[in-house]
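A quick write-up on the structure given underneath.
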4 protein chains.
Amino acid sequence: MSPKIVDVDEKKKQITDAAIRVLARKGLKETKMEDVAEAAGIGKGTLYEYFKSKDELFLVAYRHIMEEFECQTDLKLPENVTTIDTLKAIISMMTSMHTSDFPLDHFQVLTEFWLEEVKSANQGKKRQFDMLATYREYIDLVKAVFEQGIQKGEIRDINPEHAATILMMIFDGLMLLWMLDKNSFDFKGTVDTFGGIFIKGIQKQG
Amino acid sequence: MSPKIVDVDEKKKQITDAAIRVLARKGLKETKMEDVAEAAGIGKGTLYEYFKSKDELFLVAYRHIMEEFECQTDLKLPENVTTIDTLKAIISMMTSMHTSDFPLDHFQVLTEFWLEEVKSANQGKKRQFDMLATYREYIDLVKAVFEQGIQKGEIRDINPEHAATILMMIFDGLMLLWMLDKNSFDFKGTVDTFGGIFIKGIQKQG
Amino acid sequence: MSPKIVDVDEKKKQITDAAIRVLARKGLKETKMEDVAEAAGIGKGTLYEYFKSKDELFLVAYRHIMEEFECQTDLKLPENVTTIDTLKAIISMMTSMHTSDFPLDHFQVLTEFWLEEVKSANQGKKRQFDMLATYREYIDLVKAVFEQGIQKGEIRDINPEHAATILMMIFDGLMLLWMLDKNSFDFKGTVDTFGGIFIKGIQKQG
Amino acid sequence: MSPKIVDVDEKKKQITDAAIRVLARKGLKETKMEDVAEAAGIGKGTLYEYFKSKDELFLVAYRHIMEEFECQTDLKLPENVTTIDTLKAIISMMTSMHTSDFPLDHFQVLTEFWLEEVKSANQGKKRQFDMLATYREYIDLVKAVFEQGIQKGEIRDINPEHAATILMMIFDGLMLLWMLDKNSFDFKGTVDTFGGIFIKGIQKQG
DNA sequence: TATGAATGAGAGTTCATTCAT
DNA sequence: CATGAATGAACTCTCATTCAT
């Protein structure tokens, strides 16, 4: 009656993981379904038992990385502390993320997806991934910190939206640079320097 | 030497320009040699008279964009002014670049090349483009400004290398975000806010 | 002999019925083994317990339809009536068949099998279905009617083989046209008109 | 300047002819693009220089056969003759068509296209070929002959639409049977017998 | 020199069939 | 027996590159 029992979700995860591995190594364009199949240790046709198409597989891979990423960055903002301390925590998280278990290769994959999205945006195509929504989420979170800090009079009256954007984007920028030059670029040091400057830059009276 | 050589260079430029136009519209992956030929108003086979391969053509296209970009950003740092003023000039240049004649589409192309480079770096391949060198050049330039400022006692004693890197990368980060969300993202406002915070963050006594 | 054998036949029938249902809906080319399995409410692999291959299953399906069809057309030619009356009975049977319980979809399936056969014939392949034999059977039956009629002097001295063939083929031709244009084609009317002309055409003295 | 000059239409025709040859031999389902390419003596990719897709190629092949067919059947109805003579001419054309230069293989191809159409009709899909229109055209032409004959009192008052349909469909039916049994089926004889019966069947007073 | 017709390796995808459970 | 997960050959179609003209 019951033949081989397969945990479909487990298998999907296996395939997705294999896909991410290949994507990290070969990039979006150069990753062939056959490569993924081989990496997953299965036949080419089997992929299509679990995913309708290359696009679907890659979309799931993207979501998978995002979830993983979001786990890492689960912003548990400390309560009952000063705004400055909260921002310090956020900035130090950047470093910890960079040195954490989150595979750095995955950033590269994420970046490629992102670029694909940028291209779609540019060509007026329907976007596959709602990266903007993800950004907004983070930015809104950080923005609230600034808003409270301003309200409480703990920091200068800067534009909270802009400040939050800057905080997010400096991380992206540095990640990209690091990808290009893993050997000699001092990620942690640069983040620390940034933190010092930024904190000082928003403090009330210096 | 002979007029022919001029012709060849002229033709190469025509083709490169066409390639960039198509690249900006279609992206790296979706740009076919045929598209480029059509855009250049020549035959498909003629491309191969001037460029050995797609890769070579795209490499030249990349270099072409970089030159164009470098013209725009030709950092004519003002002399005999305070470090702070110099930095203000650099930051305001970011906005001007964003609104300048440098076609914004080309940033996208540049970004794609960059990613290609990142991927190459990751795979241990020979890098096609020497982006890192370009970055270094800019960073060294800005770094010198910080070093002088520190030496003169005009700004705090921060790590000049890091500070320069931050300045470069915030621009990249914001450009990327802007590409993703051209409509609602306030590029200039964010840069201005950043400038305010950054300047204050490096000033001697706040 | 053993109850199992009955089970097997029963199951085969179930599968065959399911196959015909799918064939009627999707056509020969578009019917997948998986569709048949699903329609039969069994697993894909189970099909191969009962049929060696897709071809074998379809062959059995064809035979099944033919049997069903033959039941419908079981030419119980009336005895002790005039040849003309017999022919009228045959012609009216065409209409009744068209409006009878014999699922009209099955004609389509039959037609597809037929074409497959024509193709096989053309390629010198071994024919899968013995359609010609079936035709012969019917034609011989009808031919005998004409022969008797001629012998008895009730109808003109026409070629009985040809006349029988015409009678069979007009039905096929009209069925095909009807399939192409179910909405506006008047099957019964056309058959009736044909009957009138044909009967008059073979009568002794008009 | 001008490279190889190719008559696109001529080449298209060559490919279409090759396609029809293969279609006649292998059938709609079994004809692969590679087969067609081989038959045309060109590379697989070249097909796509002239036809966007398999469907398009096959559609053109169909139209090509139809044109060829229509040339053959160009009903030049004789003028100033009796209706009976006209009908005799039509019927004798059936035989001449069958023995004419019109490649009989092409009927098979046509029939397959037709069946595809029937299937499309059945599944409510958009029809690719407008076969019904072609039939209508012929039927209307023949119908007019009957109408005039009835008006002039030369033939019995039968339903002209039905009579025309019968005339067309008997040809189709016999062609199909002939395809199934090229060796022993007497096409011409059967048509002649039909002619005799039909003419007598519609005559005024027999 | 300029061309574009021709190409074929290789991409994504399908599906009849197998076989471990 | 029954199953459906796994498979890979084979399909349609793409496109960088070649080469006869």
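On a predicted model such as this, the values are computed, not experimentally measured, just so you know. So you know, we letter chains A, B, ... as the sequences are listed, proteins then strands, and number each from 1. Values reported hereafter were calculated over all heavy atoms of this structure, with side chains retained and with hydrogens, waters and symmetry mates removed.
The separation between A:Glu30 atom CD and E:dG12 atom C1' is 15 Å, rounded to whole Å. The OH atom of C:Tyr50 sits 17 Å away from the P atom of E:dT18 (whole-angstrom rounding). In this structure, the CD atom of D:Glu38 is 15 Å from the C1' atom of E:dT7, given to the nearest Å. Atom CZ of B:Phe51 is separated from atom P of F:dA16 by 15 Å (rounded to the nearest Å). When the C1' atom of E:dA20 is taken as reference, atom CD1 of A:Ile42 falls 17 Å away, rounded to whole Å. Atom pair A:Glu56:CD and E:dT13:P shows a separation of 10 Å (rounding to whole Å applied). Across the protein-nucleic acid pair, C:Leu47 atom CG and F:dC1 atom P stand 16 Å apart, rounded to whole Å. In this structure, A:Asp7 atom CG and F:dG4 atom P are separated by 16 Å, rounded to whole Å.
Of the two residues contacting DNA chain E, namely A:Lys52 and C:Glu49, the nearest-nucleotide position lying further toward the 5' end is that of A:Lys52. Mapping A:Glu34 and D:Gly41 onto DNA chain E via the closest heavy atom, the residue that lands nearer the 5' end is D:Gly41.
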Interface polar pairs with nucleotides 8-10 of chain E, N/O, under 3.5 angstrom:
unit_1	atom_1	unit_2	atom_2	d
E:dG10	O6	D:Lys44	NZ	2.6

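Remark: A:Tyr48 is not in phosphate contact with F:dA5, judged by side-chain N or O atoms under 4.0 Å from OP1 or OP2. Regarding contacts with the backbone of F:dC15, every side-chain N or O of B:Lys54 stays at 4.0 angstrom or more from both OP1 and OP2.
Shown here are the side-chain hydrogen bond (donor to acceptor under 3.5 Å, both in side chains) partners of A:His64, two or more places apart in sequence or in another chain: there are none. Judged as a side chain to side chain contact (heavy atoms under 4.5 Å, CB included), and not counting sequence neighbours, the contacts of A:Ser53 are A:Asp55, A:Glu56. Looking at residues two or more places apart in sequence or on another chain, you find no side-chain hydrogen bond (donor to acceptor under 3.5 Å, both in side chains) involving A:Lys12.
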Exercise. Any chance you could encode DNA chain F as dot-bracket? Rule is Watson-Crick or G-U wobble with both distances under 3.5 Å; [ ] for pairs crossing earlier ones, | for another strand.
Key: .||||||||||||||||||||
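Side-chain contact check for D:Glu68 versus D:Ile65: some heavy-atom pair is nearer than 4.5 Å. At a threshold of 4.5 Å between non-hydrogen side-chain atoms, the residues C:Lys11 and C:Ile42 count as touching. Within the 4.5 Å cutoff, the side chain of B:Glu112 has no heavy atoms near those of the B:Leu23 side chain. Side-chain atoms of C:Leu59 and C:Phe51, non-hydrogen and from C-beta on, never get closer than 4.5 Å to each other.
Using a cut-off of 4.0 Å between Lys/Arg side-chain N and Asp/Glu carboxylate O, B:Lys13 and B:Asp17 are scored as salt-bridged.
Remark: the backbone N or O of D:Lys29 is paired with a side-chain donor or acceptor of D:Lys32 at under 3.5 angstrom.
Nearest heavy-atom pair across C:Ala24 and C:Asp105 is CB-CB, 3.5 Å. Between A:Ile15 and A:Leu57, the shortest heavy-atom contact is CG2-CD1, 3.9 Å.
More than 12 non-hydrogen atoms from other residues, nucleotides or ligands lie less than 6.0 angstrom from CD of C:Gln14.
Near DNA chain E, meaning a heavy atom under 4.0 Å from it, residues 12-22 of chain D has no residue at all.
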